[in-house]
Structures are given as C-alpha cells and as structure tokens.
Amino acid sequence: MSGPHFHVLLGPDGAGKSSVMRRLAAQLPDWRLVSTDSAFVAPEHDLVNRLRQDVHEHLLPGLGTAYSADFMASVLQTAVVHLRDQLDGRDPRVPVLVDSYYYKILAKCRMAGVRDSRLYSWWRSFPQPARVVFLDVSPETAWHRRADGARLNALEYEGRDGHWADFERYQKNLRKILLEEVRDVPVTVLAEQSDPDRAARAVLEVLAA
C-alpha cells in the first residue's frame, strides 16, 4: 500500500503530543495533520469521535470486568484503521504528520495482554513513516501533568489502584516498547520540554530538517 510522505509524532503518556499537534496546526499550513483527537477529525468521520468517547467513558472503566483485553483491541483497531485510511490516496506532495499512528495502541494492547500476533502483523504491514519524532517525558513530569494521578485511565498504569509506583512502572515499560516498535525506522528523540510551545518548536526543527 502506497501513501504520502509522512512523519509520526510519538511519545509516552503525558508527553504533550496533543498540545503540540494543536500548535503545529497553526504553524504548518502546508502540512496535513492526522489524529483521532476531535480537533483533527473531519465531520464525516464523527463516528471516530463517538467511539473514542465510548472507549473512555465505558470500555476502559469496565476493562477486565465487563470487557476483555481482546474486545478492547477490537475497538481500538477502529482508530488504527482510521489513521491508515487517512494516508491512503492522498496527494504525495503534501507532507503529513500523524499522531502516534498504530504504534502506541499496539504497545498498549501488548501491555494489556493481547496476544494475537495476526493483528499485530497486519498493523505492522501498514506504510512506514519517513521519520518518527519521539517526544520524551519523565514519568515524574507525566504524573504531575495527570494531576498527580487524578486524571489517569486504565491504560496508563499497571495494577488496579493507579498509585505512583504503578504509573511509573507502566510508563517505563511503555517507553521501552514504543522505541522497540519503531527501531526499524529513523527516530529522533527529543528530550523533555518544559512547556508545549518549546516542544512544538523542537518538533518543528526536526520536521524542517
């Protein structure tokens, strides 16, 4: 499957990718920014917004009780396919920046215990980016950005309680798996930035190069 030249913005939870994407939207008028965040989803794809809301409001609170990890992966796959579809048939002259692509969902499914290698093999067969920009963040900073753990969801920590140690352990493992998934494409790792404006400028420098 062919598609336009594209880059991926990736990072652990709390790295600030959503804030950076919103700032880049104003600074890269000639680029196309692709994300499942509502600010970047076209009206004709409103189902993506509704599914995302249902995941946070219903699926994740019931993960492990009402819903299995395999069911979660099946629902999250809709986001993966949507992102892939946004690359298909686009003008190759328009550069594209994709928020996380399939990498983060794949990593979180692995950490949740989803073992279906056929699913992962399909996702890994999707077009690969020209470069991944990895926006790094320490677990300590990410914890504070999540209101010291008050704004966590079930896919941001290990265990059942969401204490600091559970979050730290999860985020370190998430970072490791994310970098493992992108080891075969060029990756630029950006050190933790103090605020979204600085982070956006750092990403712009990589994209400009």
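All of these numbers come straight from a predicted model, not from anything done at the bench.
- Judged by distance alone, with hydrogens and angles left aside, the side-chain atoms of Arg183 form a donor-acceptor pair with the main-chain N or O of Glu180 at under 3.5 Å.
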Problem set entry | Stepwise side chain to side chain contact (heavy atoms under 4.5 Å, CB included) check, Phe6 with Val34 | CA-CA 10 Å; Phe6 71 103; Val34 176; over 6 Å; no
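- Looking only at distances, no side-chain donor or acceptor of Tyr101 sits under 3.5 Å from a matching main-chain atom of Leu83.
- The hydrophobic cluster containing Val55 also contains Trp123, counting ILVMFWY residues as joined when their side-chain heavy atoms lie under 4.5 angstrom apart, directly or transitively.
- Judged by distance alone, the side chain of Gln27 and the main-chain N or O of Ala25 form no donor-acceptor pair under 3.5 Å.
- Under the 4.5 Å side-chain heavy-atom criterion for ILVMFWY residues, a single connected hydrophobic cluster contains both Leu60 and Val75.
- Using a 4.5 Å heavy-atom cutoff, the side chains of Leu76 and Val80 are not in contact.
- Using cut-offs of 30° and 60° on the angle between ring planes, the pair Trp143 and Phe167 is tilted.
- With hydrogens and angles disregarded, a donor-acceptor distance shorter than 3.5 Å links the side chain of Glu192 to the backbone of Ser138.
- Proximity of a side-chain donor or acceptor of Ser125 to a complementary backbone N or O of Trp122 within less than 3.5 Å is detected.
- Remark: side-chain polar atoms of Tyr120 are paired, donor with acceptor, to backbone N or O of Arg110 under 3.5 angstrom.
- No donor-acceptor pair closer than 3.5 Å links the side chain of Arg198 to the backbone N or O of Gln193.
- The list of salt bridge (charged side-chain N to carboxylate O under 4.0 Å, His left out) pairs with a residue in residues 33-45, not counting sequence neighbours, reads Asp37-Arg52.
- Residue pairs that meet the salt bridge (charged side-chain N to carboxylate O under 4.0 Å, His left out) test with at least one member in residues 151-161, sequence neighbours left out, are Arg146-Glu156, Glu158-Arg169.
- Counting heavy atoms from C-beta outward, Gln86 and Arg32 have side chains that approach closer than 4.5 Å.
- Cluster membership check: Val137 does not share its hydrophobic cluster with Ile177, using side-chain heavy-atom separations under 4.5 Å among Ile, Leu, Val, Met, Phe, Trp and Tyr.
- Salt bridge annotation for Asp136-Arg175: present, with a cationic side-chain nitrogen under 4.0 angstrom from a carboxylate oxygen.
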Exercise. Going through the checks in order, is the side chain to side chain contact (heavy atoms under 4.5 Å, CB included) test met by Thr36 and His82?
Worked result: CA-CA 8 Å; Thr36 57; His82 172 72; 4.2 Å; yes
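- At least one side-chain heavy atom of Pro139 sits less than 4.5 Å from a side-chain heavy atom of Lys172.
- Taken to the nearest 0.5 Å, the OG atom of Ser19 stands 10.0 Å off from the CG atom of Asp195.
- Connection of Val81 to Val8 is established within a shared hydrophobic cluster, with ILVMFWY side chains joined at heavy-atom distances below 4.5 Å, either directly or through further cluster members.
- Judged by distance alone, with hydrogens and angles left aside, the side-chain atoms of Lys104 form a donor-acceptor pair with the main-chain N or O of Gly11 at under 3.5 Å.
- One finds a salt bridge joining Arg50 and Asp46 here, because a Lys/Arg side-chain nitrogen approaches an Asp/Glu carboxylate oxygen to under 4.0 Å.
- Within 6.0 Å of the CZ atom in Arg124, the count of heavy atoms belonging to other residues, nucleotides or ligands exceeds 12.
- In this structure, Arg23 contributes its side chain and Ala199 its backbone to no donor-acceptor pair below 3.5 Å.
- By the 4.5 Å side-chain criterion applied to Ile, Leu, Val, Met, Phe, Trp and Tyr, Leu135 is assigned to a cluster that also includes Leu9, Val20, Met21, Leu24, Leu28, Trp31, Leu33, Phe40, Leu97, Val133, Leu190, Val203, Leu204, Val206, Leu207.
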Problem set entry | Stepwise side chain to side chain contact (heavy atoms under 4.5 Å, CB included) check, Tyr170 with Asp13 | CA-CA 10 Å; Tyr170 185 97; Asp13 298 321; 4.1 Å; yes
